[in-house]
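Quick note on labels: first sequence line is chain A, next is B, and so on, each numbered from 1.
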2 protein chains.
Amino acid sequence: MDTTNPLYKNQGIHAVASIFTLHEGEVKVLLIKRTNEPFKGSWILVGGAIYNNEDILTGMNREIYEKTKLQNLKLVQSGVFSDPQRAPQMRMIAIGFTTVVNYEKTKFSSITPKTEDAKWFKINEVPVLGYDHNKILEESIKTLKCDIFEKSTLIELLPSEFTLPQVQKICETILGQKLDRRNFRKQLLQKKLICQTGNYDYSSQKRPANLYKFC
Amino acid sequence: MDTTNPLYKNQGIHAVASIFTLHEGEVKVLLIKRTNEPFKGSWILVGGAIYNNEDILTGMNREIYEKTKLQNLKLVQSGVFSDPQRAPQMRMIAIGFTTVVNYEKTKFSSITPKTEDAKWFKINEVPVLGYDHNKILEESIKTLKCDIFEKSTLIELLPSEFTLPQVQKICETILGQKLDRRNFRKQLLQKKLICQTGNYDYSSQKRPANLYKFC
DNA sequence: TCAAAAGTGTTGATCCTACACCCATGA
DNA sequence: TCATGGGTGTAGGATCAACACTTTTGA
């Protein structure tokens with residue numbers, strides 16, 4: 001590689017995360033309003049350029065922490081975006097990631113100095129985003145749907161004890177379709193990821209549901 | 001992004017291809033001997049740094065063409081490699097790709113000025129490579145095994161007319177295991193990717209096999 | 001006629017889907 | 001007692017793995 005070739009100059013790498021949550025029965029994604037050019041005033045996904053001394057996962061975690069104070073999220077890679085024009089200032093490649101976070105955890109995260117505003121958007125009410133972030137989000141939604149039955153996804157979205165109807169509602173919301181109750185339970189139970197606690201959820205006004213936990 | 005931050009300087013992107021072929025009943029990968037530092041004299045996969053004005057696929061195709069004169073290969077992305085130390089000169093992220101090429105096509109490709117030597121290696125006789133290319137190759141082998149039943153893979157490895165035992169041998173070689181003949185045929189035929197030509201292969205000294213083509 | 005490779009079907013296990021009725025509770 | 005949501009089992013179809021004998025050819 002000839003490092004004097006100007007075609008190699010000024011490249012950089014973005015790590016961009018679609019952070020999803022469930023709130024009020026809707027799938028939402030965290031967007032941040034940019035305070036600087038380019039795309040000043042636009043909403044974008046959480047992310048930024050990674051440093052020379054970081055691998056991509058470290059950089060992604062740092063960016064997420066800086067902008068949201070969230071930590072220890074399970075990140076799944078969901079695409080590489082390399083259109084030379086995707087960032088106006090300089091040539092940037094983006095690596096997309098997908099993750100979910102329990103809405104309760106986000107209540108206490110204050111907005112950091114780097115962000116003017118951060119907001120959860122329903123995924124079908126997302127505006128036109130800066131950069132190519134609509135495309136990155138689209139790939140992440142596919143990844144989210146694929147990973148919805150993973151322990152790492154469900155464990156984040158559920159409290160320590162939960163009912164099967166709760167789990168089913170989460171999956172249905174994310175997949176955007178109804179699931180058969182009996183098949184759903186069979187499927188989940190025979191994976192042996194969860195087991196009954198022996199407790200019941202009396203909070204509903206109807207028949208109490210069995211409480212389960214991850215085991 | 002603060003472009004004056006030195007942590008953002010001098011990043012680059014490698015596109016790295018594991019180009020596989022079948023030859024003399026073995027799966028082989030194309031390696032190139034480096035003529036320059038770093039890793040002068042080491043064998044590495046085909047690849048290089050992409051230009052500012054290329055997307056990653058364009059850059060990968062260009063690198064492959066420059067180094068092998070091969071064109072129109074079906075490239076499948078097989079990983080992102082972002083260890084900050086993976087390249088000694090400067091910080092380079094690598095995007096790995098997997099592809100296959102018919103051995104016949106490679107006979108006429110002469111070595112280009114950029115390469116001292118290029119050679120097919122059996123995949124279980126690959127030496128220690130420069131950079132992190134052993135790791136990249138490992139991921140590509142997984143991708144190759146996953147994609148072996150894809151039309152785009154098989155079509156490249158087979159002549160225009162071929163027998164089912166030929167296809168089966170290819171799959172067995174790549175997967176490294178024997179397959180049941182009856183199940184294999186059923187599986188392939190019910191995908192309706194191939195159909196009989198009505199011709200027979202008389203080249204063997206035994207019962208002639210039906211010739212098939214992609215349809 | 002023999003050796004070698006090509007060709008061919010069936011059976012059982014597993015998995016997935018579709019579907020209907022009873023149960024426990026609070027109002 | 002009723003309305004609501006929780007809980008449960010089975011039957012049919014599709015898919016996959018295992019397995020053995022017959023056919024065609026050249027030597």
Side-chain angles (χ1 to χ4, degrees), chain A residues 22 24-25 145-151 154 157-215, chain B residues 22 24-25 145-151 154 157-215:
Chain A
L22 287 173
E24 295 173 342
K145 288 184 181 180
C146 285
D147 290 0
I148 181 56
F149 289 99
E150 298 292 318
K151 177 175 179 179
L154 290 174
L157 295 173
L158 290 160
S160 60
E161 298 201 348
F162 51 87
T163 67
L164 276 176
Q166 254 182 301
V167 186
Q168 188 174 344
K169 252 163 236 142
I170 287 173
C171 293
E172 287 178 340
T173 304
I174 287 177
L175 295 175
Q177 61 178 352
K178 289 281 165 196
L179 301 170
D180 180 89
R181 196 158 77 241
R182 278 165 293 194
N183 293 336
F184 181 82
R185 302 168 79 87
K186 231 182 306 170
Q187 191 181 349
L188 219 67
L189 290 171
Q190 79 189 12
K191 279 190 191 168
K192 292 185 181 157
L193 287 181
I194 62 173
C195 50
Q196 289 196 18
T197 61
N199 302 327
Y200 293 85
D201 171 20
Y202 294 98
S203 70
S204 119
Q205 308 302 69
K206 299 292 137 52
R207 174 174 176 177
N210 283 308
L211 284 165
Y212 290 80
K213 61 180 181 188
F214 287 95
C215 50
Chain B
L22 287 173
E24 295 173 344
K145 288 184 181 180
C146 285
D147 290 358
I148 182 54
F149 289 97
E150 299 292 319
K151 177 174 179 179
L154 290 174
L157 295 174
L158 289 160
S160 61
E161 297 202 349
F162 51 87
T163 67
L164 277 176
Q166 252 181 303
V167 186
Q168 188 174 345
K169 252 164 235 140
I170 287 173
C171 293
E172 288 178 340
T173 305
I174 287 178
L175 295 175
Q177 60 179 349
K178 289 280 166 199
L179 300 171
D180 179 88
R181 196 158 76 240
R182 278 166 291 193
N183 293 336
F184 181 81
R185 300 168 79 89
K186 230 180 307 170
Q187 192 182 347
L188 220 68
L189 290 171
Q190 77 189 13
K191 277 191 193 169
K192 293 184 179 157
L193 286 181
I194 62 173
C195 50
Q196 289 195 21
T197 62
N199 303 327
Y200 293 85
D201 171 21
Y202 294 98
S203 70
S204 119
Q205 308 301 72
K206 298 293 135 52
R207 173 173 176 178
N210 284 308
L211 284 165
Y212 291 80
K213 63 179 178 185
F214 288 94
C215 50

message: I need the residues from residues 174-182 of chain A with at least one non-hydrogen atom less than 4.0 Å from DNA chain D; give them sorted by number, or say none.
response: A:R181, A:R182

- prompt: Rounded to the nearest 0.5 Å, how far apart are CG of A:L193 and CZ of A:F149?
  reply: 11.5 Å

task: Enter the distance from B:Y212:OH to B:Q166:CD here, rounded to the nearest 0.5 Å.
output: 12.5 Å

- prompt: Would a 4.5 Å heavy-atom cut-off, applied to side chains only, mark B:R185 and B:P165 as touching?
  reply: yes

Nearest-0.5 Å distance that lies between atom OG1 in A:T173 and atom CD in A:Q168: 10.0 Å

field: chain B footprint on DNA chain C, 5' to 3' - any atom under 4.0 Å from a heavy atom
entry: C:dA4 to C:dT10

- line: Atom CZ of A:F184 and atom P of D:dG7 are separated, to the nearest Å, by 12 Å

Atom pair NZ/CD of B:K191 and B:E150 - distance to nearest 0.5 Å: 7.0 Å

Report each atom pair, protein N/O against N/O of nucleotides 10-17 of chain D, whose distance is under 3.5 angstrom.
from	atom 1	to	atom 2	distance (Å)
D:dT10	O4	A:K186	NZ	2.9

field: Nearest-Å distance for atom pair CD/C1', residues B:Q205 and D:dT24
entry: 13 Å

- prompt: Which pair of heavy atoms, one from B:F162 and one from B:K213, lies closest together, and at what distance?
  reply: CE2-CA, 3.7 Å

- request: Report the distance from atom CD1 of A:I174 to atom CG of A:L22, rounding to the nearest 0.5 Å.
  value: 4.5 Å

- prompt: What residues, two or more places apart in sequence or in another chain, satisfy salt bridge (charged side-chain N to carboxylate O under 4.0 Å, His left out) together with B:K178?
  reply: B:E172

field: Pairwise distance CG(B:L154) to CG(B:D147) - rounded to 0.5 angstrom
entry: 10.0 Å

query: Any donor-acceptor pair under 3.5 Å linking the side chain of B:T197 with the backbone of B:L211?
result: yes

Sub-4.0 Å heavy-atom contacts from residues 160-171 of chain A onto DNA chain C, ordered by number: none

message: Any residue in residues 207-215 of chain A with a heavy atom nearer than 4.0 angstrom to DNA chain C? Just list them by number, or reply none.
response: A:R207, A:P208

